[in-house]
Amino acid sequence: MIKDLPNTTVSKVSKALVEIREEGGVVALGRVLTLIIQTKFSGIEAAVKAANESSREHPCRIIVLAEEDAKPKVKATSKLDAQIRVGGDAGASEVIVLRAHGEAAKHSAGLVTGLLLPDAPVVAWWPGEAPEVISKSPIGQIATRRITDAASQKDPHAFLKKLSKSYAPGDSDFAWTRLTLWRAQLAAIVDQPPYDPIISVEVTGAVDSPSTDLLAAWLELKLKIKVTLIRTNRGKAVSGIRGVKLVRKSGDIEIVRRVPDVATLIQPTQPTREISLPRRSLRDCLSEDLRRLDPDDLFGKVITKGFATATKPKVTAKPKAAVKKPAAKKPAAKSAKK
């Protein structure tokens, strides 16, 4: 069920929610949190789809606070358009889409405060461009967890560097959540014999992959050794992290992902085998982040300590194959004059 409320107010939206519950029997007793999504008009449906799929694991009230994609050339009239989605159109949640125009868009916290579930945690998610300091933004100040996506920023590396300086407990980023499967595989490999120490590590990834930065920072923080970060151009088939090499005296261990979703594990004295290492969707990342509403202390350490020391000084460019220049042609011999 979808109900449109053009040119409305927060109070009218709240009353409409009550009426829908009374008429249709939709209850909110099972909602465990309020998820606030701050995005552009063009990003509404993709964000709502991921949130709806996640709500089957985490029933919640979803409030989408949408802003215009570009600033209007002329001053827009201040108004609020709303839409309420329940039932099959909202998964296991109730979705409230707020489209603010003009002056109304400047008061984001005031628009959502009257619609929050009472006595329930608040999680904020920016699927697109994030505020300068997320914990001090109007929405960030009322949220216990704040989720961003460095991969959606204009400069992912610069965004992480900024986050390392402004980090506050409760901040999280999908660039870190996408590493869960990689970290699990690497931890399992290190726990297997032989147990000789790791001398050095190489992490290879696309130049625009923030997850590669965080993986290198995590490994350096945990192993307390130098991690070489190798950059490659973004590939058409495989983007993000390409591989990790652990250097030991007993032989190198490599995980290489040449095709999407599958990686090759190479170990000394063992046959080469393929392992499942899929790229995680928005739904996967959001569901994982909603499982814990307390601060992610490990991410805090990686972004504030490991990232600052493991990234810039040790980045190396992947060497390009040497291109042989064609040998210069010798000038043709002049014919002898008769």
Side-chain angles (χ1 to χ4, degrees), residues 46 49-50 53-54 56-57 127 147 149-152 156-157 160 172-194 198-220 222-223 227-248 250-291 298-299 302 310-311 315-321:
K49 181 181 178 182
E53 292 174 351
S54 299
R56 289 174 169 81
E57 184 178 344
I147 306 169
D149 191 351
S152 298
H157 181 82
L160 288 181
S172 184
D173 194 276
F174 279 173
W176 172 251
T177 314
R178 293 187 182 101
L179 292 178
T180 300
L181 301 180
W182 278 92
R183 292 192 292 122
Q185 287 289 350
L186 290 168
I189 290 171
V190 172
D191 285 341
Q192 296 176 4
I198 297 171
I199 302 170
S200 63
V201 178
E202 288 183 5
V203 177
T204 304
V207 69
D208 59 348
S209 169
S211 294
T212 304
D213 294 332
L214 292 177
L215 182 59
W218 173 70
L219 286 168
E220 186 158 300
K222 288 296 182 182
L223 300 176
V227 174
T228 302
L229 189 56
I230 300 175
R231 294 297 193 181
T232 63
N233 293 326
R234 181 181 175 90
K236 293 182 180 179
V238 180
S239 58
I241 302 170
R242 304 289 180 83
V244 176
K245 179 192 284 188
L246 306 176
V247 179
R248 284 172 160 172
S250 58
D252 298 348
I253 301 173
E254 290 187 71
I255 300 179
V256 183
R257 186 166 64 182
R258 298 186 179 93
V259 296
D261 301 337
V262 178
T264 303
L265 175 60
I266 306 169
Q267 301 181 86
T269 70
Q270 293 189 30
T272 299
R273 61 189 180 92
E274 293 184 342
I275 56 177
S276 176
L277 207 58
R279 288 185 61 83
R280 310 193 76 192
S281 64
L282 280 181
R283 184 263 179 199
D284 295 334
C285 293
L286 185 59
S287 293
E288 180 175 329
D289 271 326
L290 293 180
R291 287 186 195 123
L298 179 56
F299 173 69
V302 170
T311 311
V315 175
T316 60
K318 188 174 183 180
K320 296 181 179 179

Would you name the heavy atoms of I255 and A263 that are closest together and state the gap between them? CG2-CB, 3.8 Å

What residues, two or more places apart in sequence or in another chain, satisfy side-chain hydrogen bond (donor to acceptor under 3.5 Å, both in side chains) together with R291? E57

Restricting to non-hydrogen atoms, name the atom on I253 and the atom on Q267 that form the minimum distance, rounded to 0.1 Å. CG2-CG, 4.0 Å

Whether D149 side chain and F174 backbone form a donor-acceptor pair below 3.5 Å: no

Side chain to side chain contact (heavy atoms under 4.5 Å, CB included) assessment of T177 paired with L286: CA-CA 9 Å; T177 314; L286 185 59; over 6 Å; no

In Å, rounded to the nearest 0.5 Å, how long is the span from CZ of R178 to OG1 of T180? 11.0 Å

So CG of L179 and CH2 of W218: to nearest 0.5 Å the spacing works out to 8.5 Å

Separation between CZ (F299) and CG (D289), nearest 0.5 Å, reads 9.0 Å

Under a 4.5 Å cut-off applied to non-hydrogen side-chain atoms, are T232 and T204 in contact? yes

So, using salt bridge (Lys or Arg N to Asp or Glu O under 4.0 Å) as the criterion, who are the partners of D284 when residues are at least two apart? none

In sequence, state the C-alpha distance, the side-chain angles, and the governing distance for I275 and R273, and then conclude on side chain to side chain contact (heavy atoms under 4.5 Å, CB included). CA-CA 7 Å; I275 56 177; R273 61 189 180 92; 3.5 Å; yes

For the OG atom of S211 and the CZ atom of R279, what is their distance to the nearest 0.5 Å? 7.5 Å

Could you check L246 against I189 for side chain to side chain contact (heavy atoms under 4.5 Å, CB included), going step by step and ending with a plain yes or no? CA-CA 10 Å; L246 306 176; I189 290 171; 4.3 Å; yes

Heavy-atom closest contact (D252 atom, P268 atom, distance): O-CD, 3.3 Å

Distance, nearest 0.5 Å, that separates CD1 of I198 from CZ of R248: 5.0 Å

Keeping S200 on the side-chain end and V247 on the backbone end, is there a donor-acceptor pair under 3.5 Å? no

Sorted by chain and number, sequence neighbours left out, side-chain hydrogen bond (donor to acceptor under 3.5 Å, both in side chains) with E254 holds for none

Side-chain contact, heavy-atom cut-off 4.5 Å: P278 with L181? yes

Just how far is it from atom CG of L229 to atom CG of D213, taken to the nearest 0.5 Å? 6.0 Å

R183 versus L298, closest heavy-atom pair with distance: NH1-CD2, 3.6 Å

Side chains of V262 and R257 in contact at under 4.5 Å (non-hydrogen atoms): no

For residues L215 and W182, report the shortest heavy-atom separation together with the two atoms involved. CD2-CE3, 4.5 Å

Decide yes or no on side chain to side chain contact (heavy atoms under 4.5 Å, CB included) for V203 and V227, but give the supporting numbers first. CA-CA 7 Å; V203 177; V227 174; 3.8 Å; yes

Validation row: V256, R242 side chains within 4.5 angstrom (heavy atoms): no

Heavy-atom pair of closest approach, residues G205 and T212: CA-OG1, 3.6 Å

Taking side chain as C-beta onward, heavy atoms only, is K49 less than 4.5 Å from R283? no

